[in-house]
Amino acid sequence: MAPAVQPVRGTHDLIGDDARRHAHITACFRGVAERYGCQPIATPIFEFTEVFHRTLGETSDVVAKETYSFTDRGGDSLTLRPEMTAGVARAFLSNGLAKDLPLKFYGWGPMFRHERPQKGRLRQFHQVDIEYLGLPEPQADIEVVALGHDFLGALGLATRVELRLNTLGDGASRAAYRAALVDYFTGHRDRLSADSLARLERNPLRILDSKDPGDREIVVGAPRLSAHLNPASQAFFAAVRAGLDALGIPYVVDERLVRGLDYYSHTAWEFVTADLGAQGTVLGGGRYDGLIEMMGGPATAGIGWAAGIERLAMMIDLPPDRRHVVAVIPVGDAALLPAMALSHRLRQAGFTVEQGARGSVGKRLERAVKQGAAVALILGEDELARGVVKRRDLASRDEVDVPLADLEQALAPWR
RNA sequence: GCGGGCGUAGCUCAGUUGGUUAGAGCGCCAGAUUGUGGCUCUGGAGGUCGCGGGUUCGAUCCCCGUCGCUCGCCCCA
């Protein structure tokens, strides 16, 4: 049993700069998503296990080995969400939102996967998430990819990520291709790696991006997805590409980029980076037109993406804190309550105020400077008696007495 | 889940061919300076040497296990 003071394996605390990085990322995300007309959504971090089994498939790795499931006191099997899409789809059905289509959602929060932790991979991690429902046209694909592109750009990562794009085709194209692939790999099954042999059973498309050198030789001769696309699927992908070209969003087509789950169709994409080792995917998305129907709802188009906040946090530069902190420094016991009242008044007036409570005036000034304060207000018996407060500019060290009544005005530059 | 590397103070790290009180820098607290900061000086707090077992007269050091981190695989954000 691990000591109680240790966090659970693969979890971590967000404190200080880590917390600020996360806050900055979610703030950027909200700003960009709102500009695209998305509305916020928050769903529970756990669902009935069935929700994930129905949507992710019994055989997917996420469900088979990565899921945090437990039985609650009522005997129900519950699962901590490994991703957001299933919960959003369930919420769509639970709340009868079909009448409100189309819908554009943005959300974020913790996700849970029981995996071996490594850099950029945690058991509790955080994602920002976009889900578009009821928009079957390629314009939605273009818009949603553009949203991700703008989001990464807002974080200053435009030059450090590359957009990889592929199509899986519609259901018919995909089924035909899958069959051809199974045929081909079955013919070479004696030369496939053990991992790929397993993939042949439950997820043959995944063999295409195997890292095993032997597999790669076989993959070279494998049938191409592009050759199995029917005209409608080809036209859809061409429209998506034309849209990205028109918006000036660069991408590379990567035919080995696949999605394992059956309900995915058409566009799949990832923004990848070389800066994070084995966990290079920073944002991944796809179209999931079959999902809602698979859950028992009406046939409803869906497309979305998720990005890992921790992975992004490792890449961004933390923007400087631009708050102006006003430090209030009482001198002597008699000044303590008046100083607190002063701090209270200034906070209500919209200033950011830190009030020192310990040590000499020198210590308090020192602490104020370290906290990033730009100006200090010194309030002692002398000032109290005269109805003023001493305003000290911490950069220039200039001091001036300011009548209490004029304080807000005298602090205007530091608001 | 599989394989490799690493765990000494809050942080970055020294150290011991196994030997008595485990060190440094930075950070933190305090004093010099009882109403004035960024420098300097002085002092202080802070360590089950990850945890458990073994070998040994003696283990932070060697061995085993375990927990955690890390790199890769699987998979994915």
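Numbered from 1 within each chain, the chains take letters A, B, ... in sequence-line order. What you see below is based on every heavy atom in this structure, not just the backbone, and it leaves out hydrogens, waters and symmetry mates.
- Counting only heavy atoms from C-beta on, Val369(A) has its side chain closest to G37(B) among A77(B), C29(B), G37(B).
- Rounded to whole Å, atom C1' of C29(B) lies 8 Å from atom NZ of Lys363(A).
- Contact annotation for Gly362(A): backbone-only contact, meaning every heavy-atom pair under 4.0 Å involves sugar-phosphate atoms and none involves a base.
- Remark: Arg81(A) is not positioned above the aromatic ring of Phe52(A), lacking an NZ or CZ atom under 6.0 angstrom from the ring centre and at most 45 degrees off the axis.
- Which of C76(B), G72(B), C75(B) sits closest to the side chain of Glu66(A) comes down to C75(B).
- Among the protein residues, Leu312(A) comes within range of no part of the nucleic acid, since none of its heavy atoms lies under 4.0 Å from any strand.
- With a 6.0 Å cutoff to the six-membered ring centre and a 45° limit on the axis angle, Arg189(A) does not count as a cation-pi contact of Phe185(A).
- In this structure, the NZ atom of Lys119(A) is 18 Å from the C1' atom of G68(B), given to the nearest Å.
- Separation of the P atoms belonging to U17(B) and U33(B) is 47 Å when rounded to the nearest angstrom.
- With both ends at atom P, the span from C49(B) to G7(B) equals 15 Å, rounded to whole Å.
- Relative orientation of the His228(A) and Tyr177(A) rings is tilted, given thresholds of 30° and 60° on the angle between their planes.
- Using atom C1' as the reference point in both C62(B) and G23(B), the two lie 23 Å apart (nearest Å).
- A donor and an acceptor atom sit less than 3.5 Å apart, one in the side chain of Arg113(A) and one in the base of A77(B).
- Taking the C1' atom of each, U12(B) and C74(B) are spaced 34 Å apart, rounded to whole Å.
- Residues Leu192(A) and Ile218(A) meet the side-chain proximity criterion, which asks for heavy atoms closer than 4.5 Å.
- Between the side chain of Arg364(A) and the base of G35(B), no donor-acceptor pair of N or O atoms lies under 3.5 Å.
- Listed nucleotides G35(B), A30(B), G37(B) differ in distance to Val331(A); the shortest reach to its side chain belongs to G35(B).
- U36(B) sits 31 Å from G46(B) when the P atoms are compared, rounded to a whole Å.
- Listed nucleotides: C73(B), C2(B), C75(B). Nearest to the side chain of Gln118(A): C73(B).
- For a distance-only test at 3.5 Å, the side chain of Arg392(A) qualifies as a donor-acceptor partner of the base of G37(B).
- Glu310(A) comes within 4.0 angstrom of nothing in the nucleic acid, heavy atoms only.
- Within the nucleic acid shown, Leu283(A) comes within 4.0 Å of sugar-phosphate atoms alone, with no base atom in reach, counting heavy atoms only.
- If you measure from atom CG of Asp401(A) to atom P of U36(B), you get 16 Å, rounded to the nearest angstrom.
- U21(B) and A59(B) have their P atoms separated by 12 Å, with the value rounded to a whole Å.
- Whole-Å rounding puts the Glu366(A) CD to G37(B) P distance at 9 Å.
- Rounded to whole Å, atom P of C51(B) lies 19 Å from atom CZ of Arg9(A).
- In this structure, G65(B) forms a base pair with C51(B), meeting either the Watson-Crick or the G-U wobble geometry with both donor-acceptor distances under 3.5 Å.
- Positionally, the nearest nucleotide of RNA chain B for Asp393(A) lies more toward the 5' end than for the other of Gly10(A) and Asp393(A).
- Figure legend. U33(B) is base-paired to no nucleotide; pairs are counted as Watson-Crick or G-U wobble with both atom distances under 3.5 Å.
- The aromatic rings of Phe151(A) and Trp305(A) sit parallel, their planes meeting at an angle under 30°, below the 60° perpendicular limit.
- Of the candidate nucleotides G35(B), G4(B), C76(B), C76(B) has the atom nearest to the side chain of Arg206(A).
- Atom CG in Asp398(A) sits roughly 15 Å away from atom P in G37(B) (whole-Å rounding).
- Spacing of P atoms, C6(B) relative to G50(B), comes out at 14 Å, to the nearest Å.
- Among the heavy atoms of the strands lying under 4.0 Å from Gly120(A) is at least one base atom, whether or not backbone atoms are also near.
- Atom P of nucleotide G37(B) and atom NZ of Lys390(A) are separated by 14 Å, given to the nearest angstrom.
- Figure legend. C13(B) is base-paired to G23(B); pairs are counted as Watson-Crick or G-U wobble with both atom distances under 3.5 Å.
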(message) Show, in sequence, the C-alpha distance, side-chain angles and deciding distance for Phe105(A) and Tyr132(A), and conclude whether the side chain to side chain contact (heavy atoms under 4.5 Å, CB included) test is met.
(response) CA-CA 6 Å; Phe105(A) 290 120; Tyr132(A) 277 26; over 6 Å; no
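- Residue Lys370(A) has its side chain nearest to C28(B) when only C76(B), G35(B), C28(B) are considered.
- The side chain of Leu394(A) lies closest to G37(B) when the candidates are A77(B), G35(B), G37(B).
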(message) Before you tell me yes or no, could you show the steps for Phe351(A) and Glu408(A) under side chain to side chain contact (heavy atoms under 4.5 Å, CB included), namely the whole-Å CA-CA distance, both residues' side-chain angles and the distance that decides it to 0.1 Å?
(response) CA-CA 9 Å; Phe351(A) 293 97; Glu408(A) 280 85 346; 4.0 Å; yes
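- If you check every strand for non-hydrogen atoms under 4.0 Å, Glu399(A) touches a base.
- In this structure, Pro117(A) and Ala306(A) both approach RNA chain B, and ranking their closest nucleotides by distance from the 5' end singles out Pro117(A).
- G72(B): Watson-Crick or G-U partner is C2(B), with both key distances under 3.5 Å.
- Remark: the separation of the P atoms in U60(B) and A9(B) is 15 Å, to the nearest Å.
- For the pair Gln371(A) CD and G27(B) P, the computed distance is 17 Å after rounding to whole Å.
- Classification of the Tyr184(A)-His188(A) ring pair by plane angle, with boundaries at 30° and 60°, yields tilted.
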